[in-house]
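Take a look at the structure below.
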Amino acid sequence: AARPRVLSGIQPTADSFHLGNYLGALREWVAMQDEHDAFYCVVDLHAITVEQDPAQLRQRTRLSAAQLLALGIDPDRSTLFVQSHVPEHAQLSWVLECQTGFGEAGRMTQFKDKSARQEAEHVSVGLFTYPVLQAADILLYQADAVPVGEDQRQHLELTRNLAQRFNSRYGATFTVPAAHIPKGTAKIYDLQDPTAKMSKSVPAGVVELMETPKRSAKKIRSAVTDLEREIRYDVDNKPGISNLLVIYSALTDRSIPELEAAYEGKGYGDLKKDLGEVVVEFATPFQEKVHGYLDDPAELDKVLHRGAERARQVASETLRTVFDRVGF
Ligand code: ADP
Ligand code: NA
């Protein structure tokens, strides 16, 4: 039987992915390659829903692709591409926008959150229709499954509704995708405020994969903990230590109970120092690989070109059917 197809995308909106992106999403992308026909894209169309500097966006798109390759996305097994290289995304998005109720789109909570954080005059229509473009990303490839975190559930539900609506109005066209619940992912918290999600918008509390490993180790040494001494996993009472244990466990594949036992009687400083070393050991070879890809732009272009060609083979076939069904 054919391997189930999976699609996922990530925005090129930072100079580096962070530990939350890796342990919460990208590590699963790498793992899924074994049993899935995976399509992974750097979603630059999504990125311009908020203002971007063109040169910086171009650079970050390449950097994102290089980081995905360095993390283990294998372009011989998976289809890795840049969204804007495949014009069918925008084309299908338009058709789907015309199937989406205005009120239906208006119920998306992520838009409400994101738009509330901006001046009203800077909120673009693209930010509003973002989830429809996301639906197009998924439906173009007839994806069977989409890995989704909590924050993406509502968008996947919209995608499923649009697929079902289109299919019943025009005849079977789209695979209705299911949520792939990742097994090996973890939510990572801010090092300075371990009750908030680690995010690129809070520089002090984020471990960036591309920053100097020394700097990461220093951030871990200054992580906020608590006034006790015991190294124990207890999210409610010890969110800082619990977060460090989760990161440690994820990067070493040592279980949390194993770590608790190993650090019995030891101090928070020991845990932080060792975890700093674990991060350095992870980031150093990772960064070497990233620079390998960035230092050979022709090779990176070739990989992305090949990915886009393969993606277009599938995408253009879906779009042709869609255009035919709607009367183009
Ligand atoms: P950020 O929150 O830094 O803006 P994104 O929203 O671009 O990052 O997230 C990209 C991917 O990384 C998404 O799949 C998201 O769920 C995941 N992710 C982001 N931050 C974390 C985190 N702190 N813990 C786990 N997963 C995360
Ligand atoms: Na986010």
Side-chain angles (χ1 to χ4, degrees), residues 8-21 24-26 41-65 67 82-85 87 89-138 146 148-159 161-162 187-211 219 224:
S8 199
I10 190 149
Q11 292 197 63
T13 47
D15 292 328
S16 174
F17 294 139
H18 59 73
L19 261 189
N21 299 143
L26 303 176
C41 58
V42 178
V43 293
D44 52 351
L45 297 183
H46 285 277
I48 66 162
T49 54
V50 298
E51 200 180 327
Q52 302 292 336
D53 172 76
Q56 189 177 54
L57 178 61
R58 192 170 288 119
Q59 170 63 9
R60 286 175 166 178
T61 298
R62 299 180 69 80
L63 248 168
S64 299
Q67 289 177 88
V82 175
Q83 188 186 26
S84 65
H85 296 179
H89 289 253
Q91 293 175 291
L92 179 60
S93 185
W94 177 254
V95 175
L96 294 177
E97 278 178 41
C98 297
Q99 312 291 324
T100 308
F102 192 82
E104 185 178 34
R107 285 193 290 276
M108 297 295 120
T109 57
Q110 196 180 85
F111 171 75
K112 290 185 203 170
D113 294 345
K114 284 189 178 175
S115 58
R117 281 187 255 124
Q118 292 182 51
E119 300 283 342
E121 64 267 31
H122 293 311
V123 176
S124 69
V125 173
L127 189 66
F128 184 69
T129 57
Y130 183 114
V132 184
L133 177 59
Q134 210 175 335
D137 299 340
I138 297 163
V146 182
V148 279
E150 252 346 284
D151 52 340
Q152 291 299 325
R153 282 190 174 278
Q154 197 186 25
H155 289 177
L156 181 64
E157 214 36 56
L158 176 71
T159 301
N161 288 340
L162 287 172
K187 185 166 175 183
I188 306 301
Y189 293 88
D190 188 284
L191 296 176
Q192 290 301 313
D193 173 7
T195 62
K197 195 184 93 156
M198 180 179 283
S199 165
K200 58 179 171 274
S201 46
V202 190
V206 68
V207 173
E208 295 187 336
L209 303 188
M210 292 300 293
E211 71 192 358
K219 285 181 185 174
V224 167

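Along the sequence shown, residues carry numbers from 1. The figures that follow rest on heavy atoms only: side chains count, while hydrogens, waters and symmetry mates do not.
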| When rounded to the nearest 0.5 angstrom, what distance separates NE2 in His46 from CD in Gln83? | 4.5 Å

| field | Distance-minimising heavy-atom pair for Gln11 and Phe17 | value | O-CE2, 4.4 Å

| query | Could you state the interatomic distance from CE (Met108) to CD (Gln154), rounded to the nearest 0.5 Å? | reply | 4.0 Å

| query | Looking at Pro131 and Leu158, what are the two nearest heavy atoms and their distance? | reply | CB-CD2, 3.8 Å

| request: List the atom of Gly106, the atom of Lys112, and the distance in Å for their closest heavy-atom pair. | output: O-CE, 3.3 Å

| Passes side chain to side chain donor-acceptor pair (under 3.5 Å), Ser84 versus Asp44? Steps please. | CA-CA 6 Å; Ser84 65; Asp44 52 351; 2.6 Å; yes

| request: Answer with yes or no whether the side chains of Glu208 and His18 bring together a donor and an acceptor at under 3.5 Å. | output: no

| said: Test side chain to side chain donor-acceptor pair (under 3.5 Å) on Glu119 and His122; report intermediate values, then the result. | reply: CA-CA 5 Å; Glu119 300 283 342; His122 293 311; over 6 Å; no

| said: Per the salt bridge (charged side-chain N to carboxylate O under 4.0 Å, His left out) rule, what does the pair list look like for residues 12-21, sequence neighbours excluded? | reply: Asp15-Arg60

| message | Once you measure the plane-to-plane angle for Phe111 and Phe128, does it fall in the parallel (<30°), tilted (30-60°) or perpendicular (>60°) bin? | response | perpendicular

| request: Could you walk me through whether Leu133 and Leu45 pass the side-chain contact (heavy atoms from CB on, under 4.5 Å) test, one step at a time? | output: CA-CA 9 Å; Leu133 177 59; Leu45 297 183; 3.8 Å; yes

| task | Under the salt bridge (Lys or Arg N to Asp or Glu O under 4.0 Å) rule, collect the residues that match up with Arg153, sequence neighbours excluded. | result | Glu150

| query | What are the two closest non-hydrogen atoms of Pro203 and Ser201, and how far apart are they? | reply | CD-O, 3.4 Å

| With sequence neighbours left out, what residues match Glu211 under salt bridge (Lys or Arg N to Asp or Glu O under 4.0 Å)? | Arg215, Lys219

| Got a sec: does the CD1 of Ile48 have more than 12 other heavy atoms crowding it under 6.0 Å? | no

| Does Ser16 reach the main-chain N or O of Leu209 with its side chain, forming a donor-acceptor pair under 3.5 Å? | yes

| OG1/Thr159 to CG/Leu96 distance, rounded to the nearest 0.5 angstrom? | 8.5 Å

| note | For Leu57 and Ala47, the nearest pair of non-hydrogen atoms, with its separation, is CD1-CB, 3.9 Å

| Closest non-hydrogen atom pair, Ala135 against Leu162 | CB-CD1, 3.9 Å

| From CG (Leu26) to CD (Gln67), nearest 0.5 Å | 8.5 Å

